[in-house]
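Quick notes on the structure that follows.
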Amino acid sequence: IGNTTLRVQHCTAARGGTHGAERHLYDSSRTFVGATHALHAERRDAPTLNGQVRAVLHYTPHYLWSLGTAGRLLAAYQHPEASLGGPALVPLLKFVVIVREPVSRAISSYWFKSGSQAVNGPRRPTGTKGSVEHAMRVFELEMDLLRPCLPPAECFPSPLSERARCANDFDSCLIRRSSTSDQAYPHSSAAHIGKGLYAAQLLRWFVAFSPHQFHVLPMERMYFHGRAETFACYQKLFAFLSLTPHLSIVEMSALIQQTP
């Protein structure tokens with residue numbers, strides 16, 4: 001795109017990854033050893049692109065939900081070694097958040113995880129990958145856990161100090177109301193309802209980074225409203241990333257065709 005080459009960082013088995021293309025560098029104490037280790041991992045995986053301006057897309061959907069990820073990423077990019085004598089990197093970071101309608105997302109998550117659950121309660125029927133009845137009960141239990149923890153509406157337009165308090169209250173409540181194991185509810189990949197609470201999750205990130213560094217894109221706008229809307233989504237995304245796509249109408253149409 002113009003003079004910028006985009007590359008998605010992949011996490012292969014050789015790099016300790018088990019999630020295919022998902023990087024998972026910052027969302028687990030198992031993979032995040034410290035800020036220096038993370039920086040070295042970033043540089044190891046960053047491509048050499050023949051002197052071109054470089055942009056690396058760091059793809060891991062679980063980052064938005066995972067407790068502590070925003071702070072770990074901030075610590076890495078605030079590290080003295082991060083800028084290599086150049087401008088501070090934290091203000092230059094940009095985050096693209098693609099979200100899905102929460103109910104559809106919860107149902108999809110349940111079946112994708114084969115009926116796994118992150119809350120205490122009845123287990124899926126033996127010999128199955130789940131059932132509608134079991135899914136409904138799991139969703140009810142999750143909502144019972146989450147409801148007392150949800151940040152009030154006044155948290156979102158509030159000053160940074162108040163956002164920080166609200167985010168901390170949300171996380172502390174989730175931890176308090178779930179088990180104390182390492183795989184407790186706030187850390188679990190088998191949370192189905194909680195991952196669709198996008199405002200509460202973004203609140204954590206808006207404490208560490210400016211809201212202006214985020215571009216939130218509803219998946220349904222990209223996929224289900226025709227080519228014109230898909231084209232508009234791409235244009236807004238490119239503008240947010242400060243990219244000028246030098247694509248012909250034919251090339252842009254081919255790009256839209258590749259969008260599932």
Side-chain angles (χ1 to χ4, degrees), residues 22-29 32 35 38-39 42 55-79 82-83 87-102 105-106 142 145-178 184-189 191-222 233 236-243:
E22 298 181 16
R23 189 66 178 84
H24 287 279
L25 179 59
Y26 295 100
D27 61 348
S28 169
S29 58
F32 183 83
L39 279 175
E42 294 270 34
V56 178
L57 303 182
H58 201 291
Y59 168 74
T60 305
H62 193 240
Y63 280 177
L64 184 64
W65 163 251
S66 178
L67 204 67
T69 297
R72 294 186 190 109
L73 201 150
L74 179 64
Y77 279 88
Q78 281 183 331
H79 193 278
S83 62
L89 294 182
V90 170
L92 301 179
L93 295 175
K94 295 186 178 183
F95 301 89
V96 179
V97 183
I98 301 177
V99 298
R100 184 178 180 183
E101 189 276 313
R105 195 216 179 287
E142 274 200 57
L145 185 153
L146 288 161
R147 197 172 287 110
C149 301
L150 296 179
E154 55 266 25
C155 286
F156 297 95
S158 62
L160 177 59
S161 60
E162 184 65 11
R163 287 204 305 269
R165 184 191 65 79
C166 290
N168 182 69
D169 288 350
F170 175 61
D171 292 341
S172 298
C173 180
L174 289 183
I175 293 170
R176 188 171 61 251
R177 290 180 58 79
S178 61
Y185 183 83
H187 303 281
S188 177
S189 63
H192 307 303
I193 299 294
K195 288 184 178 180
L197 301 177
Y198 305 122
Q201 295 170 66
L202 283 167
L203 191 63
R204 299 169 177 161
W205 287 83
F206 290 171
V207 172
F209 303 95
S210 167
H212 299 292
Q213 292 176 260
F214 291 79
H215 180 73
V216 180
L217 175 60
M219 188 184 76
E220 289 77 11
R221 284 193 59 200
M222 177 72 84
C233 288
K236 290 178 181 178
L237 177 59
F238 288 143
F240 170 74
L241 296 173
S242 301
L243 300 175

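Hydrogens, waters and symmetry mates are skipped; everything else that's a heavy atom, side chains included, is used.
- For the pair H192 and E142, the tightest heavy-atom approach, listed with the atom from each and the gap, is N-OE2, 2.8 Å.
- Here the side chain of Y26 pairs no donor or acceptor atom with the backbone of Y63 at under 3.5 angstrom.
- Taking all atoms of both residues into account, the shortest heavy-atom contact from R163 to P211 is NH2-CD, 4.3 Å.
- The heavy-atom pair separating Q78 from V90 by the smallest distance is CG-CG2, 3.7 Å.
- Considering every non-hydrogen atom in both Y198 and R105, the closest pair reads OH-CD, 3.4 Å.
- Nearest heavy-atom pair, C166 versus L203, reported as atom, atom and distance to 0.1 Å: CB-CD2, 3.7 Å.
- Distance CG/L174 to CG/D169: 11.0 Å, rounded to 0.5 Å.
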Open item on the list: Would E162 and E154 count as a side chain to side chain contact (heavy atoms under 4.5 Å, CB included) here? Give the steps.
Closed with: CA-CA 9 Å; E162 184 65 11; E154 55 266 25; 5.9 Å; no

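- When all heavy atoms of P151 and F170 are compared, the closest pair comes out as CD-CD1, 3.9 Å.
- One finds the CZ atom of R204 at 5.0 Å from the CG atom of L67 (value rounded to the nearest 0.5 Å).
- Of the possible donor and acceptor atoms, one in the side chain of S172 sits under 3.5 Å from a partner among the backbone N and O of N168.
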TODO: Test R165 against S158 for side chain to side chain contact (heavy atoms under 4.5 Å, CB included), laying out the working first.
DONE: CA-CA 10 Å; R165 184 191 65 79; S158 62; over 6 Å; no

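- Not one N or O on the side chain of R100 forms a donor-acceptor pair closer than 3.5 Å with the backbone of G196.
- Looking only at distances, no side-chain donor or acceptor of E101 sits under 3.5 Å from a matching main-chain atom of E220.
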- [ ] Test side chain to side chain contact (heavy atoms under 4.5 Å, CB included) on L202 and V216 and set out the steps.
- [x] CA-CA 10 Å; L202 283 167; V216 180; 4.1 Å; yes

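- Taking CG from D171 and CZ from R176, the interatomic distance works out to 11.0 Å, rounded to the nearest 0.5 Å.
- Of the possible donor and acceptor atoms, one in the side chain of Q201 sits under 3.5 Å from a partner among the backbone N and O of K195.
- Taking CG of L64 as the start and CH2 of W205 as the end, the distance is 7.5 Å to the nearest 0.5 Å.
- Between F214 and F206, the ring planes lie perpendicular to each other; the angle is over 60°, past the 30° to 60° tilted range.
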TODO: Verify side chain to side chain contact (heavy atoms under 4.5 Å, CB included) between V96 and L241, making sure each step is shown before the conclusion.
DONE: CA-CA 9 Å; V96 179; L241 296 173; 4.3 Å; yes

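- In this structure, the separation between CG on L73 and OG1 on T69 is 8.0 Å, given to the nearest 0.5 Å.
- Between K94 atom NZ and F209 atom CZ the span is 14.5 Å, to the nearest 0.5 Å.
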